[in-house]
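Note that the structure is a prediction, hence the values are computed from the model and not measured. Read the numbers this way: they start at 1 and go in the same order the structure lists the ligands and their atoms. We use all heavy atoms of the structure for the numbers below, so side chains are in, but hydrogens, waters and symmetry mates are not.
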Amino acid sequence: MATDHKMVVPVINLANFPMELEKLAAAATGLGCFRVINHGMPPVLMDEMKAVTRSLFQLPAEAKLRSVNNNIHAGSYISPSQLGFFEAFSIHDASSMTDIRSFCSVLDTTTQQLEIISTYIEKLHGVIINIASKVAESVGYSLAGFSFYEWSCLLRLNFYNFTVEEDIGRVGAHIHTDSGFLSVLQEDECVGGFEIMNSNGNFVSVDPVPGTFIVNIGDVGKVWSNGRLQNVKHRVICKEAKPRISINMFLLAAKDDKVETEATFVDSEHPKIYQTFMLNEYRKLRDKSGFRAGEILPLL
Ligand SMILES: O=C(O)CCC(=O)C(=O)O
Ligand SMILES: [Fe+2]
């Protein structure tokens, strides 16, 4: 599917609430994708985290593979042999300092790298919860007695080793939706390639804006809100013969892994669309079936 044209996604100023609630509701229920500014993450920490991420991917293959073999619970590693030029590290429970330490210890990072990774993750966790809470509020959900802090959260570091002219136009990440509630993405501020599907079903490319984050609504968001929040389809295409790095935090689901539609969103005019399911089972089914863009949600 060809890319249509460029798109400037809605920009949400997180320091301007409740003023921007309506604008946020429109973005989250329309496109399912928006950019945030004034999020509270220091720009210097974003730069430092990117530099640390780059250095982790530059480790010898043997060191990176230790992350798969020895550290299966805290983190994992996808090597380029599985998907060509794509590599990724994951920390499965980004809210756990123990897991962050364990991930870093397997990779033998320096104390300074550990400090950067843990500070970044802690701050990004705060950012993602703030955004999720505002998104929930924007569609009329009452946050009284509720907190996204109780939800599980995963961090992924992505590396697309685009190096030669022939790579241009190749797919770095195939069309998919994110499976969780929503994701906060630090794009490569130099190398573009992130594309989203607009309401006409066409891909549009989204240019990076340094110092900001892109937010994508995922499948859990769609189910939780009884279809109101839009799980945006997206992909990554090689635009330049240059390696590309991105850092993505996924707010997944409640800690018990159960994904269910909130009663607030169900009434006689909006009957319940989706069955309750366990996120882990759903993610396995996505991988097994190859339908990674929300197609199987209505079939659960
Ligand atoms: O690399 C990117 O910009 C997007 C990555 C992505 O879609 C994902 O990690 O789910
Ligand atoms: Fe994604």
Side-chain angles (χ1 to χ4, degrees), residues 1 3 6-7 9 28 31-36 46 49-50 53-54 56-57 75-78 80 82-92 94 120-121 124 128 131-132 152-162 167-168 170-198 203-222 229-240 242-253 279 282-283 286-287 290-295 297:
M1 217 177 298
T3 310
K6 288 191 185 223
M7 178 175 214
V9 296
L31 197 58
C33 178
F34 52 92
R35 193 177 284 288
V36 290
M46 294 176 80
M49 183 63 185
K50 187 179 174 200
T53 302
R54 188 190 303 281
L56 295 185
F57 285 110
S76 54
Y77 171 64
I78 297 173
Q82 288 168 260
L83 288 172
F85 43 74
F86 177 77
E87 285 178 69
F89 286 108
S90 298
I91 299 178
H92 299 149
Y120 179 90
I121 290 181
L124 191 55
I128 205 167
I131 295 170
S152 55
C153 198
L154 178 146
L155 186 88
R156 196 158 64 214
L157 313 175
N158 298 315
F159 184 72
Y160 305 84
N161 199 15
F162 300 136
D167 285 339
I168 295 173
R170 285 178 79 180
V171 177
H174 283 283
I175 173 170
H176 68 281
T177 51
D178 292 344
S179 57
F181 185 80
L182 60 74
S183 321
V184 173
L185 173 72
Q186 178 178 334
E187 312 148 281
D188 194 307
E189 79 285 9
C190 308
V191 189
F194 181 67
E195 298 192 344
I196 58 173
M197 192 180 270
N198 66 14
F203 273 109
V204 288
S205 67
V206 178
D207 279 346
V209 178
T212 69
F213 290 107
I214 281 280
V215 179
N216 292 310
I217 302 288
D219 296 345
V220 171
K222 180 98 177 173
L229 295 172
Q230 186 60 40
N231 50 348
V232 62
K233 294 189 176 79
H234 55 278
R235 68 179 182 182
V236 176
I237 299 286
C238 174
K239 298 280 157 136
E240 287 180 69
K242 271 193 202 154
R244 177 176 185 277
I245 286 171
S246 66
I247 303 166
N248 211 349
M249 185 176 268
F250 301 86
L251 183 66
L252 295 175
L279 182 59
Y282 171 61
R283 293 177 74 181
R286 270 172 53 123
D287 286 343
F291 289 112
R292 295 194 180 87
E295 304 90 331
L297 279 182

Between [X] and ligand 1, which part of the residue brings a heavy atom under 4.0 Å of the ligand: side chain, backbone, both or neither?
{"X": "R244", "result": "side chain"}
{"X": "R235", "result": "neither"}
{"X": "D188", "result": "neither"}

*Would you check if the side chain of S179 reaches a backbone N or O of D219 as a donor-acceptor pair within less than 3.5 Å?*
no
*Checking R35 side chain against F213 main chain: does a donor-acceptor pair fall under 3.5 Å?*
no
*Could you tell me if any non-hydrogen atom of R156 lies under 4.0 Å from any atom of ligand 1?*
yes
_Shortest non-hydrogen contact from F85 toward G172_ = CE1-CA, 3.8 Å
Number the atoms of ligand 1 from 1 as they appear, then name those within less than 4.0 Å of a heavy atom of [X], with their elements.
{"X": "S246", "value": "1 (O), 2 (C), 3 (O)"}
{"X": "H234", "value": "7 (O)"}
{"X": "D178", "value": "10 (O)"}
{"X": "F194", "value": "3 (O), 4 (C)"}

For [atom], what's the nearest protein heavy atom and its distance?
{"atom": "atom 4 (C) of ligand 1", "value": "V236 CG2, 3.7 Å"}
{"atom": "atom 5 (C) of ligand 1", "value": "Y160 OH, 3.5 Å"}
{"atom": "atom 8 (C) of ligand 1", "value": "N248 ND2, 3.2 Å"}

*Write the atom name of the N, O or S atom in D178 that is nearest the Fe ion (ligand 2).*
OD1
_Please verify the inter-ring angle class for F86 with Y160; under 30° counts as parallel, over 60° as perpendicular, anything in between as tilted._
tilted
_Among K50, K242, R244, side-chain hydrogen bond (donor to acceptor under 3.5 Å, both in side chains) partner for D188_ = K50
_4.5 Å side-chain heavy-atom contact, T177 and R286_ = yes
_K6/E195 ion pair, N-O < 4.0 Å_ = no
*Can L182 and I131 be said to form a side chain to side chain contact (heavy atoms under 4.5 Å, CB included), step by step?*
CA-CA 9 Å; L182 60 74; I131 295 170; 4.2 Å; yes
